[in-house]
Amino acid sequence: MGVKTVGRTRDPYWDSVKFSLICCVVYIHTLITFGKIPGSATLGLHNFFYFFSMPLFIFISGRFTKVGSKKKYIWGIIGLLETYFLFQVIQIFVKDCIIGHGVFRPTKVIFMIQWTLWYLLALVIMRLLIWCIPEHIRRDRFKLVLAISLVISLLVGFIPLKKYSMFIQTFALMPYFFLGYYSNKVDLKNKMERIPSWAAVVIILLTLLLFCCVFNDNISKYFDYGFTFLACPGPSVLFNFGFRIFHFIGVVFIGIIWMRIIPGNNSLMSKWGQGTLTIYMFHPVILLFLKGCLQRDMIPANPWWALPVAAIIVAGIGMLSNFEWMKMILSPITYWVKKRL
């Protein structure tokens with residue numbers, strides 16, 4: 001049986017899930033800006049959200065990837081690249097020229113991937129990979145495709161991170177993308193409702209407590225989807241390889257439980273969830289200015305401020321994200337071209 005992607009009707013539930021994840025991501029980045037304290041509950045929160053948020057985002061990206069019209073598909077990839085280079089320029093200009101009072105170097109736009117922008121390049125690579133797979137293999141041999149993507153994600157950990165960090169993160173997260181792509185014919189929402197909501201809440205709370213009390217120090221590197229897939233540093237190569245397998249299983253389990261507790265009828269979450277890319281692209285720019293204020297001691301570096309600040313950032317950008325002009329800013333050229341396709 002052929003495996004196609006999602007139907008034409010937009011399900012607000014998935015927008016709500018995306019909104020919950022962008023809240024996690026913005027909180028993580030805000031906490032990094034304010035400074036994490038090893039052995040603290042805030043670092044435990046950071047590790048907990050870091051554990052599953054981006055893998056689950058990649059999963060949803062795969063679920064909503066539709067390999068259909070070649071022209072629209074290619075322009076979708078071009079749109080991601082346009083957004084990437086636009087915000088490369090913005091982030092470099094803010095960091096080097098406004099905050100750092102330095103000189104803008106165009107070479108950085110090409111050779112230095114800025115903070116959060118690796119995600120866009122990862123999506124480009126994954127979408128190109130799935131498009132390049134012959135249709136009969138993509139359609140009929142999906143178990144083989146999933147198995148190969150998982151093996152690659154485990155083996156890629158033996159590449160030194162310092163040399164190929166973005167590529168390691170991309171291939172480490174690749175199985176979640178393919179899982180999402182092949183899950184589109186499954187009514188996940190209906191299946192997850194078989195899990196009692198109270199049980200899902202209890203599991204999330206217990207896991208959160210575990211991270212805040214136990215996994216709240218430098219072991220956090222093992223819960224980073226980039227560092228987790230390293231062969232070193234760590235007690236041993238076999239330990240790291242085993243932890244990579246545990247990480248994958250844990251992310252799938254916690255991801256399912258997290259999606260179970262997300263309400264499907266919250267109109268505000270689903271509305272702002274449609275603008276998650278806008279929130280993702282603009283929040284680092286705000287945080288760069290915030291970092292500049294912290295460096296000049298204009299505001300105290302208290303990690304407990306991260307939560308309210310992240311909430312303000314999400315709410316502020318979220319209210320603007322559904323305006324058409326905001327969508328146009330992300331990729332102005334592609335916006336007008338896709339309007340005419």
Taking all atoms of both residues into account, what is the closest heavy-atom pair of Ser270 and Asp15, and its distance?
-> O-CB, 3.2 Å

Between Val314 and Ile279, which heavy-atom pair has the shortest distance, and what is it?
-> O-CD1, 4.3 Å

Residue set satisfying ring pair (Phe, Tyr, Trp, His ring centres under 6.0 Å) with Phe19, at least two apart, ordered chain then number -> Trp272

For residues 77-88, which side-chain N or O atoms pair as donor and acceptor with protein atoms under 3.5 Å away, sequence neighbours left out?
| from | atom 1 | to | atom 2 | distance (Å) |
| --- | --- | --- | --- | --- |
| Glu82 | OE1 | Thr334 | N | 3.0 |
| Glu82 | OE1 | Thr334 | OG1 | 2.4 |
| Glu82 | OE2 | Ile333 | N | 2.8 |
| Thr83 | OG1 | Gly79 | O | 3.0 |
| Thr83 | OG1 | Leu330 | O | 2.8 |
| Tyr84 | OH | Gln88 | NE2 | 3.3 |
| Gln88 | OE1 | Gln114 | N | 2.8 |
| Gln88 | NE2 | Val109 | O | 2.8 |
| Gln88 | NE2 | Met112 | O | 3.0 |

Ile99/Val94 under side-chain contact (heavy atoms from CB on, under 4.5 Å): CA gap, chis, key distance, verdict | CA-CA 6 Å; Ile99 306 299; Val94 170; 4.0 Å; yes

Indicate, with yes or no, if Leu205 and Ile256 share a hydrophobic cluster defined by side-chain heavy-atom contacts under 4.5 Å among Ile, Leu, Val, Met, Phe, Trp and Tyr.
-> yes

Drop me the distance from Gln274's CD to Lys327's NZ, to the nearest 0.5 angstrom.
-> 6.5 Å

Rounded to the nearest 0.5 Å, how far apart are SG of Cys24 and CG of Leu56?
-> 9.0 Å

Check: His247 ring centre within less than 6.0 Å of Phe51 ring centre | yes

For Ala172 against Ser153, the heavy-atom pair lying closest together | O-CB, 3.7 Å

Report yes if the distance between the aromatic ring centroids of Phe248 and Tyr176 is under 6.0 Å, otherwise no.
-> yes

For Lys291, does the NZ atom have more than 12 heavy-atom neighbours from other residues, nucleotides or ligands under 6.0 Å away?
-> no

Side-chain contact test, heavy atoms from C-beta onward, threshold under 4.5 Å: evaluate it for Leu287 versus Ile313 and give yes or no.
-> yes

Under 4.5 Å between any side-chain heavy atoms of Arg127 and Trp131, yes or no?
-> no

Report the C-alpha distance between Trp258 and Phe49 in whole Å, list the side-chain angles of each, state the deciding distance to 0.1 Å, and finish with yes or no for side-chain contact (heavy atoms from CB on, under 4.5 Å).
-> CA-CA 11 Å; Trp258 180 265; Phe49 292 128; 4.2 Å; yes

Indicate, with yes or no, if the rings of Phe177 and Phe59 have centres closer together than 6.0 Å.
-> no

Sub-3.5 Å donor-acceptor pair from the side chain of Arg260 to the main-chain atoms of Ile195, do we have one?
-> yes

Given Leu290 and Ile286, is the side-chain contact (heavy atoms from CB on, under 4.5 Å) satisfied, shown in steps?
-> CA-CA 6 Å; Leu290 184 63; Ile286 297 173; 5.6 Å; no

Would you check if Lys108 and Asp96 make a side-chain contact, meaning some heavy-atom pair closer than 4.5 Å?
-> yes

Does Tyr27 reach the main-chain N or O of Ala311 with its side chain, forming a donor-acceptor pair under 3.5 Å?
-> no

Within the side chain of Arg296, is there an N or O that forms a donor-acceptor pair under 3.5 Å with the backbone of Gly292?
-> yes

Min side-chain heavy-atom separation Leu117-Gln91 under 4.5 Å | yes

Report yes or no: do Leu144 and Leu146 belong to one cluster of Ile/Leu/Val/Met/Phe/Trp/Tyr joined by side chain heavy-atom distances under 4.5 Å?
-> yes

Could you tell me the separation between the CG atom of Leu154 and the CG atom of Leu150, rounded to the nearest 0.5 Å?
-> 4.5 Å

Would you mind reporting whether Lys18 and Leu21 have side-chain heavy atoms less than 4.5 Å apart?
-> no

For Arg138 and Ile133, indicate whether the former's side chain and the latter's backbone hold a donor-acceptor pair under 3.5 Å.
-> yes

Quick check: does any side chain N or O of Asp11 sit under 3.5 Å from a backbone N or O of Trp14, one acting as donor and the other as acceptor?
-> no

One should read off an interatomic distance between Leu123 CG and Ser61 OG, to the nearest 0.5 angstrom, of 4.5 Å

Mind checking the CD1-CD1 spacing from Ile22 to Ile317? Nearest 0.5 Å is all I need.
-> 8.5 Å

Indicate the atoms forming the closest heavy-atom contact of Cys97 with Val103, along with that distance.
-> SG-C, 4.0 Å

Is Tyr73 close to Ile130 at the side-chain level, that is, under 4.5 Å between some pair of heavy atoms?
-> yes

So, His46 side chain and Thr42 main chain: donor-acceptor pair closer than 3.5 Å or not?
-> no

Identify the heavy atoms of Met326 and Ser321 that sit nearest to each other, and give their distance.
-> CB-O, 4.2 Å

Output the distance between atom CG (Leu210) and atom CD1 (Ile203), rounded to the nearest 0.5 Å.
-> 13.0 Å

Indicate, with yes or no, if Met319 and Ile312 share a hydrophobic cluster defined by side-chain heavy-atom contacts under 4.5 Å among Ile, Leu, Val, Met, Phe, Trp and Tyr.
-> no

Mind checking whether Leu120 and Phe111 sit in one hydrophobic cluster, side chains of I, L, V, M, F, W, Y counted as touching below 4.5 Å?
-> yes

Exceeds 12 heavy-atom contacts within 6.0 angstrom, atom CZ of Phe104 | yes

When you measure from the side chain of Tyr119 to the backbone N and O of Tyr280, does any donor-acceptor pair fall under 3.5 Å?
-> no

Just jot down the ring pair (Phe, Tyr, Trp, His ring centres under 6.0 Å) partners of Trp115, sequence neighbours excluded, or say none.
-> His29

Whether Arg63 side chain and Ser183 backbone form a donor-acceptor pair below 3.5 Å | yes

Note: Ala41 and Cys212 closest approach over all heavy atoms is O-SG, 3.8 Å

Residues, nucleotides or ligands: over 12 heavy atoms within 6.0 Å of Trp325 CH2 | yes

Hydrophobic cluster membership, Ile110 vs Val124, 4.5 Å side-chain cutoff = yes

Determine whether Thr170 and Met126 make a side-chain contact, defined as any pair of heavy atoms from C-beta on separated by less than 4.5 Å.
-> yes

Would you call the rings of Tyr182 and Phe142 parallel, tilted or perpendicular if under 30° counts as parallel and over 60° as perpendicular?
-> tilted

Run the side-chain contact (heavy atoms from CB on, under 4.5 Å) check on Ile299 and Leu294 step by step: do they pass?
-> CA-CA 6 Å; Ile299 53 177; Leu294 287 164; 3.6 Å; yes

With the side chain counted from C-beta on, respond yes when Ile137 and Pro134 share a heavy-atom pair under 4.5 Å apart, and no when they do not.
-> yes

